[in-house]
Amino acid sequence: MLLNKVLRAGERAGRIVEVEAYAGASDPASHAFRGPTPRNATMFGPAGHLYVYFTYGMHHCANVVCGAPGTAEAVLLRALHPIDGLDEMHLARPAAVRAIDLCSGPAKLCEALGIDRSSDGLDLCGPGGPVRLLDDGTPPPDEPLVSTRVGIRVATERPWRFAVPGDPHVSRGRPS
DNA sequence: CTTTGGATCGTCT
DNA sequence: GACGATCCAAAGG
């Protein structure tokens with residue numbers, strides 16, 4: 001469970017408040033559904049690594065690889081609650097006026113934290129890495145908000161989106 | 001407040 | 001050659 005874990009990149013850090021699950025070969029909405037390619041190679045590697053992809057000609061999105069090597073299971077990070085390095089985040093995202101706009105979307109959080117395709121494949125658990133996943137002791141919510149995934153056109157019925165209830169930094173496509 | 005359309009290019013068919 | 005796990009500004013109620 002990644003909810004309420006902390007993602008840190010240098011001075012910048014945020015608590016994960018919204019995620020979506022993607023289940024490799026058994027999930028038509030997953031980038032890995034049609035097998036390995038140069039782009040999604042990281043997903044087929046070991047868990048705990050960062051899968052970053054480029055889309056819409058201008059945006060990056062970040063996933064945490066989860067399953068055993070070869071299964072290509074991953075979790076898309078959809079929103080963070082900023083907790084450190086707010087000034088740097090604002091510099092990286094001039095479009096965000098309010099703090100609430102800094103990380104309330106998968107492409108927004110990548111821009112705010114300076115994550116792009118060059119960060120693809122990083123080990124999030126290794127100490128001293130440029131991008132890391134930390135546990136500060138905050139437990140995941142007892143009853144996460146569950147809803148359907150956003151922005152996909154297939155397998156839209158799968159309720160694989162999870163969020164921290166009541167957190168204002170959750171992205172636009174509101175859970176029902 | 002909600003809806004609409006433009007931006008922009010790597011990747012796979 | 002078509003399209004996408006998106007975002008934002010502008011226009012319309």
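Chain A is the first sequence line, chain B the second, and so forth, proteins listed ahead of strands; every chain is numbered from 1. What you see is a predicted model, and the numbers here were worked out from it, not measured in a lab.
- Comparing A:Tyr53 and A:Ala96, the nucleotide of DNA chain C nearest to each residue sits closer to the 5' end for A:Tyr53.
- The minimum heavy-atom distance linking A:Ala32 with A:Gly24 is given by the pair CB-CA, 4.0 Å.
- Backbone-only engagement by A:Ile152 is indicated by non-hydrogen atom pairs under 4.0 Å involving sugar-phosphate atoms exclusively.
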request  = Could you provide the dot-bracket string of DNA chain C, using ( ) for intrastrand pairs, [ ] for crossing pairs and | for bases paired to another strand, with Watson-Crick or G-U pairs below 3.5 Å?
outcome  = ||||.|||||||.

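- The side chain of A:Arg153 contributes no N or O atom lying less than 4.0 Å from OP1 or OP2 of C:dA5.
- Using a 4.0 Å cut-off between charged side-chain N and carboxylate O, A:Asp84 and A:Arg12 make no salt bridge.
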key: Verdict with supporting geometry, A:Asn40 and A:Tyr51, side chain to side chain contact (heavy atoms under 4.5 Å, CB included)   = CA-CA 7 Å; A:Asn40 64 25; A:Tyr51 167 52; 3.9 Å; yes

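- Atom C1' of nucleotide C:dA5 and atom CG of A:Leu77 are separated by 12 Å, given to the nearest angstrom.
- Annotation for A:Asn4 and A:Asp136: closest pair O-OD1, 4.2 Å, computed over non-hydrogen atoms.
- The CD atom of A:Glu18 sits 16 Å away from the P atom of C:dA5 (whole-angstrom rounding).
- Relative to the six-membered ring of A:Tyr22, A:Arg149 meets both conditions, a distance below 6.0 Å and an angle of at most 45° to the axis.
- If you take NZ of A:Lys108 and P of C:dA5, they are 18 Å apart, rounded to a whole angstrom.
- Here A:Ala95 lies in heavy-atom contact (under 4.0 Å) with sugar-phosphate atoms only.
- Atom CZ in A:Arg78 sits roughly 11 Å away from atom P in C:dA5 (whole-Å rounding).
- A donor-acceptor pair shorter than 3.5 Å can be found between the side chains of A:Arg161 and A:Ser171.
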ask   = A:Val19 and A:Leu3: side chain to side chain contact (heavy atoms under 4.5 Å, CB included), yes or no, with the steps?
value = CA-CA 7 Å; A:Val19 298; A:Leu3 290 179; 4.2 Å; yes

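- Side chains of A:His81 and A:Asp167: a donor on one and an acceptor on the other come within 3.5 Å.
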Per-nucleotide protein contact string for nucleotides 4-13 of chain B (B base, S sugar-phosphate only, - none; heavy atom under 4.0 Å) = ---BBBSSSS

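- Here the P atom of nucleotide C:dA5 and the CD atom of A:Glu73 are 19 Å apart, to the nearest Å.
- Remark: the A:Thr138 side chain and the A:Arg15 side chain contain an N/O donor-acceptor pair separated by less than 3.5 Å.
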